[in-house]
Amino acid sequence: MKVDKYLDTLIVGAGFAGMYILHKQMSEGFNVEIYEQADDVGGTWYWNKYPGARCDIESMDYSYSFSEDLQQEWNWKEKYGTQPELLKYARFVCEKFNLRKNINFNTKITSAKFSKEKQKWIITADNQNIIECEHLILATGNLSTPNTPNIEGINNFKGNVYHTGAWPKQMPQFKSRKVGIIGTGSSAVQSIPVISDTAEALLVFQRTPNFSLPARHRDLPVDKREEYKKNYKKYRQLAKNSSFGIAKYQPPAQSTFDVSDEERNVIYEKAWQEGGQAMLFAFTDLLTNEKANVTAAEFVRNKIRKIVTNKETAEKLCPSNHPIGTKRLCLDSNYYETYNKTNVSLIDISNHPIEKITEKGLITNNIEYFFDDLVFATGFDAMTGAVNAIEILNDKDISLKSIWANGPKTYLGIMVSDFPNLFMITGPQSPGVKSQMILSIEQHVDFIHNLIVYKKGNNYNRVNANSKNQDQWVNHNNEVANATLYPLAHSWYNGDNIVGKSKGFMPYVGGVANYKKICDEKIQNNYEGFEFT
Ligand SMILES: Cc1cc2nc3c(=O)[nH]c(=O)nc-3n(C[C@H](O)[C@H](O)[C@H](O)COP(=O)(O)OP(=O)(O)OC[C@H]3O[C@@H](n4cnc5c(N)ncnc54)[C@H](O)[C@@H]3O)c2cc1C
């Protein structure tokens, strides 16, 4: 076997996770490179170019904190950065830290095999290059494998087909066109109001309504930005001490029924007017007590009923099959208001799934709907999709995918037992997707980087997660989730959005502060649960 390249560390993916660990490893003097299937950096913000795409955690929070220089130099223009602004930021980071020369673009990693003889990973890329490396780091993203449902006749459609998670570089023009959109999750909630501004007609096919709260988006006032910058140290620390990694959402002190109905409504109304996810942080028990949750859910349903003038449409938009906050909560700019436009129709497919896609549209409930362009806003094979897409074999030729057949098992969301020197950034069973992700990425990168430095410094060949510690972690993860309302929802957190995918709650919902404390304790106990040989 001819090896084309030898590396200390190979990183897969050039999103925020890949770029930061590349920077850390380069600074340490490692021979390290990224392989990225796209032709640029940015990950999520490279692929999700759909109209209206932006982050829904405020940019002053949703940004790197590792470099004081960087956070002082960069000026966010809007409260929630738009996709172009976020992509520009990713490129800026790439140039500032001189990362581009160590990134192989347009190259997909297809397989990885741990060689027993060499004690190294042998990696294959789609250009047939073979790379040998000591450490393999998967920065492949939790929401990076777009999911297109398997609907009969999907290839029959003669118009343009788009997926929000793999949007073309050249923005399609919807002016004077009839557009059909399937899905009503976060990406749909962001894109529907924008597409409806120019489309002649927009037909929204909804299986499950999701809760959406107003973002109250606006330009970021310069004085607010400068105040934040001046006090960044304090805000970043507040974020680290919180449950979800957002400075302004500190753990609440009172429970839902500590206050009267009137007082509670005033609190919800204030949160609604403020915008963002404030409502979910109003009381201690909103995500653990069903009765408490109903008070918030009903508040939002009543808002929908007030905003949407057509009573039937309003009821269809009211989520009723899951507690609020247990699926990814959407933030919107005029989402519900959009259904008052005469060019927008909502088609409820909850009881009548799409039968087939035709040349000119689709059929549901024996009715054919016609449109020129079809948009899939159908989300991702989340959390495990990108990892499972790579054939990863350990030294006994056992694939990671087979080990995860009944759901992912990890130690701290960082390693998998029997897959030595393989690391994941924000893997399943870590807080990743249930947090401000850049904060979680930074915490994981620091942990993994220091672990590798420790391993090298002590002349160990390999580090492996102990299987007992892994089992304990998986059980702990499940116990924490089962003490909440999260498992009650059919969501991508559970794998429910993918036909045939194993079901089980994947993210760690014990909060970022608790999780970091646990990780720090493992380090203090000489990397408890990690075996070095
Ligand atoms: C529309 C949208 C909005 C979001 N908004 C927020 C938000 O407001 N706040 C928040 O905290 N999080 C948000 N997220 C989550 C977001 O994914 C993370 O915040 C963050 O960008 C993830 O960075 P990453 O580097 O881990 O993964 P990604 O950005 O997904 O990058 C992974 C990269 O790996 C590459 N890759 C994968 N497999 C391979 C392979 N086999 N070979 C080569 N390359 C590969 C992909 O092409 C991709 O570029 C959002 C996600 C989406 C989809």
Side-chain angles (χ1 to χ4, degrees), residues 10-22 33-50 52-59 61-64 79-83 86-87 89-90 93 103-112 123-127 136-147 163-167 185-191 215 239 244-246 276-277 328-331 377 379-392 424-427 430-442 444-445 492 507 512:
L10 186 149
I11 301 162
V12 191
F16 287 136
M19 285 202 296
Y20 179 40
I21 194 135
L22 175 63
E33 290 184 12
I34 287 184
Y35 282 75
E36 166 59 60
Q37 60 190 341
D39 64 8
D40 205 347
V41 296
T44 290
W45 305 106
Y46 171 93
W47 295 107
N48 291 264
K49 294 185 169 81
Y50 59 83
R54 61 172 79 243
C55 55
D56 49 22
I57 291 176
E58 295 181 31
S59 292
D61 270 295
Y62 184 68
S63 47
Y64 285 122
K79 181 177 172 189
Y80 302 97
T82 58
Q83 175 274 328
L86 284 152
L87 184 56
Y89 174 69
V93 172
I103 307 179
N104 303 274
F105 290 108
N106 298 306
T107 322
K108 185 173 183 167
I109 296 301
T110 52
S111 70
I123 313 294
T124 311
D126 62 352
N127 60 4
L136 172 60
I137 300 181
L138 302 178
T140 44
N142 283 288
L143 300 168
S144 54
T145 307
N147 166 46
H163 193 294
T164 50
W167 202 257
S186 262
S187 303
V189 162
Q190 288 187 332
S191 57
F244 294 93
I246 305 171
Q277 303 178 10
R328 187 164 187 263
L329 195 61
C330 306
L331 292 193
F380 302 90
D381 182 353
M383 305 192 70
T384 54
V387 175
N388 281 338
I390 305 171
E391 188 187 43
I392 302 174
M424 287 170 296
I425 303 177
T426 66
S430 78
V433 295
K434 283 308 305 166
S435 68
Q436 191 279 82
M437 283 207 74
I438 301 181
L439 179 144
S440 287
I441 284 169
E442 288 186 329
H444 260 196
V445 166
W492 55 257
V512 295

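This one's a predicted model, so the numbers in the text were calculated from it and none came from an experiment. Each ligand, and each atom within it, is numbered from 1 in the order the structure gives.
- When each atom of ligand 1 is checked for a heavy atom of I441 under 4.0 Å away, the hits are 23 (O), 26 (O).
- Counting atoms of ligand 1 from 1 in the listed order, those under 4.0 Å from a heavy atom of C55 are 7 (C), 8 (O).
- Neither the backbone nor the side chain of Y46 has any atom closer than 4.0 Å to an atom of ligand 1 (non-hydrogen atoms only).
- For I425, no heavy-atom contact with ligand 1 is shorter than 4.0 Å.
- With sequence neighbours excluded, the residues satisfying side-chain contact (heavy atoms from CB on, under 4.5 Å) with T107 are Y35, N104, A125, D126, N127.
- Nearest to atom 9 (N) of ligand 1 by heavy-atom distance, out of Y80, F244, Y62, is Y62.
- The existence of a salt bridge linking R328 and D56 is confirmed by a sub-4.0 Å separation between a basic side-chain nitrogen and an acidic carboxylate oxygen.
- With respect to atom 1 (C) of ligand 1, the closest heavy atom belonging to the protein is Y50 OH, 3.4 Å.
- Comparing D61, T44, D126 by heavy-atom distance to atom 16 (C) of ligand 1, the nearest is T44.
- Looking only at side-chain heavy atoms (C-beta outward), Y80 and L331 come within less than 4.5 Å of each other.
- Look at N142 and you'll find every heavy atom at least 4.0 Å from all atoms of ligand 1.
- Protein heavy atom closest to atom 37 (C) of ligand 1, with residue, atom name and distance, is T140 O, 3.5 Å.
- Short contacts between ligand 1 and I57, defined as distances under 4.0 Å to a heavy atom of the residue, involve ligand atoms 8 (O), 9 (N), 11 (O).
- Close contacts of ligand 1 with F380, meaning ligand atoms under 4.0 Å from a residue heavy atom, involve 53 (C).
- Separation of atoms OG1 (T145) and CG (D381) is listed at 6.0 Å; rounding is to 0.5 Å.
- Checked by atom type, the side-chain pair T164/N48 shows no donor-acceptor distance below 3.5 Å.
- Proximity of A17 to ligand 1, defined as any heavy-atom pair under 4.0 Å, is shared by backbone and side chain alike.
- The part of S435 lying near ligand 1 is the backbone, judged by heavy-atom distances below 4.0 Å.
- Taking the six-membered ring for Trp and thresholds of 30 and 60 degrees, Y20 and Y64 have ring planes inclined between 30 and 60 degrees apart.
- In A139, the part holding a heavy atom less than 4.0 Å from any atom of ligand 1 is the backbone.
- Taking every heavy atom of D56 and a limit of under 4.0 angstrom, the matching atoms of ligand 1 come to 7 (C), 8 (O).
- Shown in contact with S144 at under 4.0 Å from a heavy atom are these atoms of ligand 1, numbered in order with element: 30 (O).
- Atoms of ligand 1 lying under 4.0 Å from at least one heavy atom of T107, given by number and element, are 43 (C).
- In the vicinity of W45, heavy-atom distances shorter than 4.0 Å reach the ligand 1 atoms 3 (C), 4 (C), 5 (N), 21 (O).
- Checking only distances, Q436 never comes within under 3.5 Å of ligand 1, N or O to N or O.
- T124 and T110 share no side-chain donor-acceptor pair at under 3.5 Å.
- The residue among E36, R328, K108 with a heavy atom at the shortest distance from atom 47 (O) of ligand 1 is E36.
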